[in-house]
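Please read the structure below before turning to the comments.
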Amino acid sequence: MSDMLKGIAASDGVAIAKAYLLVQPDLSFDKKSVDDVSAEESRLDDALAKSTTELQAIREKAAQSLGEEEAQVFDAHLMVLSDPEMIGQIKQNIQDNKVNAEAALKEVTDMYIGMFEAMDDNAYMQERAADIRDVAKRILAHLLGVTLPNPSMINEEVVVVAHDLTPSDTAQLDRTYVKAFVTDIGGRTSHSAIMARSLEIPAIVGTKEITSKVKEGDILAVNGIDGDVIVHPTDAEKADFEAKGKAYADLKAEWDKLKHAETVTADGKHIELAANIGTPKDLEGVHNNGGEAVGLYRTEFLYMDSPDFPTEEDQYQAYKAVLEGMDGKPVVVRTMDIGGDKELPYLQLPHEMNPFLGYRALRISLSERGDEMFRTQMRALLRASVHGNLRIMFPMVATLKEFRAAKKIFDEEKAKLVSEGTSVSDTIQVGIMIEIPAAAVIADKFAKEVDFFSIGTNDLIQYTMAADRMNERVSYLYQPYNPSILRLIKNVIDASHAEGKWTGMCGEMAGDQTAVPLLVGMGLDEFSMSATSILKTRSLMKRLDTKKMTELADRALNDCDTMEEVMELVEEFTK
């Protein structure tokens, strides 16, 4: 009998395949006394051999799909597995204390983990603790006869089912085999949902109960457009989903015809459609989807993918690659946005009750601790500016004093480079992200000093509504069409235009098909989104008349009291 579940539609597409449960198994065990220590040592040797074979296969797969550099993390794991001192201590523990291999393994590896974690002044050694923890879990799983899930080794068509997916889990998903994923928790703006859209994998999040309803191998029908998932679909339900999948594929084929078209509304107004990227490799997706600019280059991935602070030269080469790759089209680079849920193992941040409202992004860059890191990034960006059309924006700006301090560092580093004889562009625009309500309210003050605004709606919405966008219990308050959010956005756009400046949007709302008509009506100049949303949005804009959308926006801002009323109004104007 089929079972229909409803979740949040996070990434468009339809798929039917069997379930692959990406759920951590129970690795609990009892400490036992043993008489046959040789048998326990043999069990340990067998688990070590299986773990080694498994890791070698994972490493080979990672090298093929992610590159040799990314695969090197598994070399450290293999070294732990072959460490004679650690393995010797585990066997000695079995012999001396006559305990089962599981208990001996845990006692010795816990000792090593604690020792390495205590080395606060050595980030490299602290990383070894994580390596040992991962390897110990793998060995323990083999001792207990249970299988650890490994998304990178999937080699048949599946729908991945999980409580949640980390960004690293999502990055391992091979589109050849992973046809969709469904999770218990999460929202449209969670990192896994954003990555799913980039990978063009259908995704449904926030079902609350998918992991409790599904067993390994169950057939699932997933509709990432509507947020529906059916467990054990009937033949009729499969046929219905397959028809929806074909209709979506036909629609995508129509969108593909717009790859080289200009983005214009029905009455001929040009609007810039840009893409959000994380690395230079993402430019392929920008070009394949007809992106007219890069509206957000998230530079924190340079830091997160490095074992230490990336050097000025490393950053310069990355920025240069993107600027040259866009061949004169605008590239908006966001300075380092670390903190919140984005941590660096080599930058020990203080524990905070609410890190999203704490020491993060520009607040780190402007602190004594982050000054050198920020100046290094400024120098790299300034040097790269001669290779394209560079725009720099600062994240998490709350006050004019913060912007002025950041701009002062920009000006100081530019003057130093020029005095050294280094070429720097004189046309760099410097702006800020509007993601804190305080900045949105006094946008008229900021507009006199910045070159542009880019509205980060993901954070602006959660800060305005005082609702964590990752918490499904308050997900109903994540309301992009709430009149309060729309009024903040309109205030920012109007403030920039009054000073002859422009406003873009780089949050997920920029590609939201319900929000786009409203934003066109409010006069938003640039829409930046996941590259895979560009052609769909270009198609929509071709059908929008700006005068009619201006009337829509005015009515939404002045006549609507709730998000639901705004949604009904949009439907009325665009049907």
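In this chain, numbering begins with 1 at the start of the sequence shown.
- Minimum interatomic distance between Ile489 and Ile455 (heavy atoms only, all atoms of both residues): CG2-CD1, 3.9 Å.
- Of the inter-residue distances, the one linking Glu565 atom CD with Asn482 atom CG reads 10.5 Å to the nearest 0.5 angstrom.
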field: Candidate pair Asn491 and Asp444, rule side chain to side chain contact (heavy atoms under 4.5 Å, CB included), full reasoning
entry: CA-CA 8 Å; Asn491 188 58; Asp444 58 324; 5.7 Å; no
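- By the 4.5 Å heavy-atom criterion applied to side chains, Ser367 and Tyr359 are counted as neighbours.
- Each of Asp451, Ile432, Leu296 was compared with Met393 under the side-chain contact (heavy atoms from CB on, under 4.5 Å) criterion, and only Leu296 meets it.
- Salt bridge Lys252/Glu200: present, at least one basic N to carboxylate O contact under 4.0 Å.
- Interatomic distance, Asp525 CG to His497 NE2, rounded to the nearest 0.5 Å: 3.5 Å.
- A heavy-atom distance below 4.5 Å is not found between the side chains of Val331 and Tyr319.
- No donor-acceptor distance shorter than 3.5 angstrom exists from the side chain of Thr207 to the backbone of Gly7, with no hydrogens or angles considered.
- Rounding to the nearest 0.5 Å gives a distance of 9.0 Å between NZ of Lys547 and OG1 of Thr265.
- Remark: side-chain polar atoms of Lys6 are paired, donor with acceptor, to backbone N or O of Asp226 under 3.5 angstrom.
- Taking every heavy atom of both residues into account, Ile271 and Leu524 meet most closely at CG2-O, 4.3 Å.
- A donor-acceptor distance shorter than 3.5 angstrom exists from the side chain of Ser385 to the backbone of Ser425, with no hydrogens or angles considered.
- Between the side chains of Thr532 and Ser530, not a single donor N or O lies within less than 3.5 Å of an accepting N or O.
- For Asn223 (side chain) and Ile225 (main-chain N/O), a donor-acceptor pair under 3.5 Å exists by modelled atom type.
- Side-chain contact between Val441 and Leu488 is present, with at least one heavy-atom pair separated by less than 4.5 Å.
- Between Arg360 and Asp337 there is a salt bridge, since a side-chain N of the basic residue sits under 4.0 Å from a carboxylate O of the acidic one.
- Between Met529 and Leu273 there is a side-chain heavy-atom pair separated by less than 4.5 Å.
- The minimum heavy-atom distance linking Ala274 with Val294 is given by the pair CB-C, 4.1 Å.
- Listed for the Asp228 side chain is no donor-acceptor partner under 3.5 Å among the backbone atoms of Met4.
- No more than 12 heavy atoms of other residues, nucleotides or ligands shown are found within 6.0 angstrom of CG on Asp327.
- For the pair Leu366 and Ile409, the minimum side-chain heavy-atom distance is below 4.5 Å.
- Rounded to the nearest 0.5 Å, atoms CD1 (Ile210) and OG1 (Thr183) are 9.0 Å apart.
- Here the shortest heavy-atom pairing between Pro330 and Glu272 reads CG-OE2, 3.9 Å.
- Taking the ring centre of Phe241 as origin, the terminal cationic atom of Lys244 falls inside the region bounded by 6.0 Å and 45° from the ring axis.
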- request: Under the side chain to side chain contact (heavy atoms under 4.5 Å, CB included) rule, what do Leu381 and Phe410 come out as? Steps first, then yes or no, please.
  value: CA-CA 10 Å; Leu381 283 165; Phe410 168 87; over 6 Å; no
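- Counting only distance, with no hydrogens or angles, the side chain of Arg391 and the backbone of Phe452 share no donor-acceptor pair below 3.5 Å.
- A salt bridge links Asp426 to Lys414: at least one charged side-chain nitrogen sits closer than 4.0 Å to a carboxylate oxygen.
- Looking at Tyr303 and Pro310, their side chains come closer than 4.5 Å, going by heavy atoms from C-beta outward.
- Note that CG of Asn276 is 10.0 Å distant from CG of Asp282, once rounded to the nearest 0.5 Å.
- Side-chain contact between Met326 and Asn389: absent, with no pair of heavy atoms (C-beta onward) separated by less than 4.5 Å.
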message: Is there a side chain to side chain contact (heavy atoms under 4.5 Å, CB included) between Lys320 and Gln317? Walk through the geometry before answering.
response: CA-CA 5 Å; Lys320 176 187 174 186; Gln317 292 296 339; 4.2 Å; yes
- prompt: Would Glu568 and Cys560 count as a side chain to side chain contact (heavy atoms under 4.5 Å, CB included) if you check the C-alpha gap in whole Å, the side-chain angles of each, and the deciding distance to 0.1 Å?
  reply: CA-CA 10 Å; Glu568 289 173 8; Cys560 294; over 6 Å; no
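- In this structure, the side chains of Pro483 and Leu557 stay at 4.5 Å or more apart for every pair of heavy atoms.
- For the pair Leu283 and Val322, the tightest heavy-atom approach, listed with the atom from each and the gap, is CD1-CA, 3.8 Å.
- Using a distance-only test at 3.5 Å, with no hydrogens or angles considered, a donor-acceptor pair links the side chain of Arg538 to the main chain of Leu258.
- Glu284 CD: 12 or fewer foreign heavy atoms inside a 6.0 Å radius.
- For the atom pair NE2 (His287) and NZ (Lys329), the distance works out to 7.0 Å, reported to the nearest 0.5 Å.
- Using a distance-only test at 3.5 Å, with no hydrogens or angles considered, a donor-acceptor pair links the side chain of Asp267 to the main chain of Thr546.
- The environment of CD in Glu499 is crowded: more than 12 heavy-atom neighbours from other residues, nucleotides or ligands sit within 6.0 Å.
- No hydrogens or angles considered: nothing links the side chains of Ser539 and Glu254 as a donor-acceptor pair under 3.5 Å.
- Counted within 6.0 Å of NZ on Lys408, heavy atoms from surrounding residues, nucleotides or ligands total 12 or fewer; the atom is thus considered open.
- Listed here is the closest heavy atom pair of Pro280 and Ala318: CG-O, 3.8 Å.
- Between Phe446 and Phe453, the ring planes lie perpendicular to each other; the angle is over 60°, past the 30° to 60° tilted range.
- The backbone N or O of Glu413 sits nowhere less than 3.5 Å from a side-chain atom of Arg379 that would complete a donor-acceptor pair.
- Looking only at distances, no side-chain donor or acceptor of Lys179 sits under 3.5 Å from a matching main-chain atom of Glu157.
- In Lys213, the NZ atom is not crowded: 12 or fewer heavy atoms of neighbouring residues, nucleotides or ligands sit closer than 6.0 Å.
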